[in-house]
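Since this is a predicted model, take the numbers as computed values, not measurements.
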Amino acid sequence: QVQLVESGGGLVQSGGSLKLSCAVSGRTVSNAAMGWFRQAPGKEREFVATITRSAGGTYYGDSLEGRFTISRDNAKNTVYLQMNKLTPEDTAVYYCAARYSSTPYVVRDLFSHESYDYWGQGTQVTVSS
């Protein structure tokens, strides 16, 4: 059984940084396309970043590249999201997701939460002004 456990969320001042972790158990993280999504109160779940399996290509949501960095540590079976220059608009619950499906896909498919098979429970990020 695949389990994803996020950690690293918390309260930070505007302009600060946080690094989220997503520890994966049950399967190897390098065999998955991994994604981060976020959901603010009253809003739909939003794509943040993804890293493809094997080659590890990285892609980001609109206006997030340059502030956010997704990475993967295969030895620790963990995916990270480094977030810099945070603003109150980044306040949300952040979710980690994994896609192990062998169904062919294009990169753009990974921008949709519907493409992922497994989800973590989420971690709250609150940015104060």
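The shortest non-hydrogen separation linking P88 to S14 is CD-OG, 3.8 Å. Closest of all the heavy-atom pairs between F47 and F37 is CA-CD2, 3.5 Å. Minimum interatomic distance between L86 and L18 (heavy atoms only, all atoms of both residues): CD1-N, 3.9 Å. For C96 against M34, the heavy-atom pair with the smallest separation is SG-CE, 3.7 Å. Summarising the geometry of D90 relative to F68, their closest heavy-atom pair is OD1-CZ, 3.9 Å, with the distance given to 0.1 Å. Contact record, L81 with A49: CD1-CB, 4.2 Å, taken as the closest heavy-atom pair.
A distance-only check finds no donor-acceptor pair linking the side chain of T52 to the backbone of A33 [under 3.5 Å]. The backbone N or O of T78 sits nowhere less than 3.5 Å from a side-chain atom of D73 that would complete a donor-acceptor pair.
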Legend entry - From CA spacing to verdict: side-chain contact (heavy atoms from CB on, under 4.5 Å), D117, R27: CA-CA 12 Å; D117 309 308; R27 292 189 70 171; over 6 Å; no
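One distance of note links OH of Y100 with OG1 of T28; it measures 6.5 Å at 0.5 Å rounding. For the atom pair K19 NZ and M83 CE, the distance stands at 11.5 Å (nearest 0.5 Å). Distance CZ/R45 to CZ/R38: 13.0 Å, rounded to 0.5 Å. Atom CG of L64 sits about 10.5 Å away from atom OG1 of T69, to the nearest 0.5 Å. For the atom pair CD (E6) and OH (Y94), the distance works out to 12.5 Å, reported to the nearest 0.5 Å. Atom CD of residue Q13 and atom CG of residue L11 lie 8.0 Å apart, to the nearest 0.5 angstrom.
Linking Ile, Leu, Val, Met, Phe, Trp and Tyr whenever their side-chain heavy atoms come within less than 4.5 Å puts V127 and V48 in one cluster. Taking hydrophobic clusters as Ile, Leu, Val, Met, Phe, Trp and Tyr residues chained together by side-chain heavy-atom distances below 4.5 Å, I70 shares a cluster with V125. If you chain together hydrophobic residues whose side chains sit under 4.5 Å apart, Y60 and W36 fall into the same group. Both I51 and Y118 belong to a common hydrophobic cluster when Ile, Leu, Val, Met, Phe, Trp and Tyr are linked at side-chain heavy-atom distances under 4.5 angstrom.
Looking only at atom types and distance, the side chain of R99 has no donor-acceptor partner in the side chain of Y116 under 3.5 Å away.
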Which pairs would a plain distance check flag for residues 103-112, meaning a side-chain donor or acceptor within less than 3.5 Å of a matching protein atom at least two apart in sequence or in another chain?
| residue | atom | partner | partner atom | Å |
| --- | --- | --- | --- | --- |
| T103 | OG1 | S101 | OG | 3.1 |
| D109 | OD2 | V106 | N | 3.0 |
| S112 | OG | E114 | N | 3.2 |

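For the side chain to side chain contact (heavy atoms under 4.5 Å, CB included) with L4, the qualifying choice from V29, V24, V79 is V24, the only one to do so.
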